[in-house]
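To start, the structure under review is shown below, and the notes come after it.
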Amino acid sequence: MGRAVIVDEAMSETRQTQCCIVGGGPAGMMLGLLLARAGVDVVVLEKHADFLRDFRGDTIHPSTLDVIDELGLLDVFLRLPHQEVRQLAGQVGAVKVPIADFTHLKTRCRFIAMMPQWDFLSFLATEAARHPNFSLLLRAEATGLIEAEGRVAGIRAATPDGPLDVRADLTIGADGRHSTVRRGAGFAVEALGAPMDVLWFRLDRNDDDPGDTGGYFGPGHMLVLINRGDYWQCGYVIPKGSFDAIRADGLPAFRIGIARQAPFTAQALALLPDWESVSLLTVAVDRLTQWHRPGLLCIGDAAHTMSPIGGVGINLAIQDAVATANLLAVPLRQKRVTDGDLARVQARREFPARVTQRIQLIVQNRVIANVLAGTGIGSDGKLPLPLRLLARFPLLRRIPARLIGVGVRPEHVRSAAAVTARAP
């Protein structure tokens, strides 16, 4: 092996593995578990000290629950605290409109499980750690690629104990929308744009609050409330780049805008202390034109950053992980991964990512942008035709349920990771 292109390499601790995964999010942790169960030596690098970070997607979709079931872990998983969402509805003024009905899906679980993402990731980490060929390194932040003989040969990371070089037969970038890996690899990114950002915050739930997770629409406003038991996880959709103006108007005006959409939140809104309790999610939709180069592959948001519409980004990331394990577990075990193998992963997963993004862009540009401009849903006191059809014909609600709950080209565990017994 040739000398890596790295500064101060001699001062770094070096570790060898078959697969180094950068990013301990849904894609990285699921892939780490799948590969470890398939007998591949795996190291996952996570830059934070734990998974306890707020304002992440908390939706575990029916197709993801199918994957967990195929791994023989569903009963254990569903013992964790969660809420089960069987239908989605939107509130337009005083009218409640049913949108999606998951109870007709041909899946093991006909609901979306709402669970804090840190619990989901901790579950995956615990199951993966049952395998001696799996390592999760926390507080290990990727800082650059190791390159040798014309290919990526691993990752350099910063840790509390000093620099660490993880040399790997294959490096996976699963480090999200701000991916260090894809930036370091010089991949071309196609930006698709988004007309909105989202403000995330928590509000206490009262006993007499509605129980449903759903959206609230009005001229110039869009609010999403996710029932997390004793509190609401709130997503307030705002025009792109308008947060500074909203802050300038003051917190009282912000509270009034929220309460206008969901009056039952007024009491809890009065307890919202300051702007530090509100986090800005800058929405972006983009994708790589090529996901791989020799020795390196990007998946999940690192390959295709999704809009929060439908909460499907996690599902796409999980499906990427399953397909990657299906296609690469055996070549990794046999130390014969080729660029053609990596291209097959992109060929398998690029189509569903593109179709899903196309649907998201249509919703963004034709629905949400109009709502935020005050010319969309509810602006004339009438429901748009699609919502009237969903309200009148229950059969139509299966279409959005399929798109949200299962998605395009769902994956099933086919690699050697598909075992029913848990490792001791």
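No experiment lies behind these values; they were computed from the predicted model shown. FYI, side chains are in, hydrogens and waters are out, and symmetry mates aren't considered; it's all heavy atoms of this structure. All residue numbers in this chain count up from 1 along the given sequence.
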Inset, instruction - Please tell me if the side chains of Pro62 and Ile112 come closer than 4.5 Å, counting only heavy atoms from C-beta onward. - result: yes
Inset, instruction - Determine the sole option in Asp286, Asp175, Asp301 for which the salt bridge (charged side-chain N to carboxylate O under 4.0 Å, His left out) test with Arg182 is passed. - result: Asp286
Inset, instruction - Using distance alone, with no hydrogens and no angle criterion, decide if Asn227 and Thr213 have a side-chain donor and acceptor under 3.5 Å apart. - result: no
Inset, instruction - Using the side chain to side chain donor-acceptor pair (under 3.5 Å) rule, pick out the option among Gln346, Arg348, Arg349 that qualifies with Asp320. - result: Arg349
Inset, instruction - Go through the side-chain N and O atoms of Asp204 and Trp232 and say whether any donor and acceptor fall under 3.5 Å apart. - result: no
Legend entry - Gln261 and its side-chain contact (heavy atoms from CB on, under 4.5 Å) partner, picked from Val224, Leu223, Leu225: Leu223
Legend entry - Exercise: do His304 and Gln357 side chains pair donor with acceptor under 3.5 Å: no
Legend entry - Ile155 side, atom CD1; Leu296 side, atom CG - distance, nearest 0.5 Å: 7.5 Å
Inset, instruction - Verify the distance criterion only: is there a donor paired with an acceptor across the side chains of Thr17 and Asp41 at less than 3.5 Å? - result: yes
Legend entry - More than 12 heavy atoms of other groups within 6.0 Å of Arg388 CZ: yes
Legend entry - Under-4.0 Å salt bridge between Arg344 and Asp341: yes
Legend entry - Donor on one side chain, acceptor on other, Thr103 and Asp101, under 3.5 Å: yes
Legend entry - Pi-cation contact, Phe102 with Arg86 (under 6.0 Å, within 45°): no
Legend entry - Donor-acceptor pair, side chain of Asn365 and main chain of Leu361, under 3.5 angstrom: yes
Legend entry - Glu84 atom CD: more than 12 heavy-atom contacts under 6.0 Å: yes
Legend entry - NZ on Lys240 to CG on Leu372, rounded to 0.5 Å: 11.5 Å
Inset, instruction - State, with a plain yes or no, whether a side-chain heavy atom of Leu74 is found less than 4.5 Å away from one of Arg108. - result: yes
Legend entry - Main-chain N/O of Thr305 paired with Arg177 side-chain donor or acceptor, under 3.5 Å: no
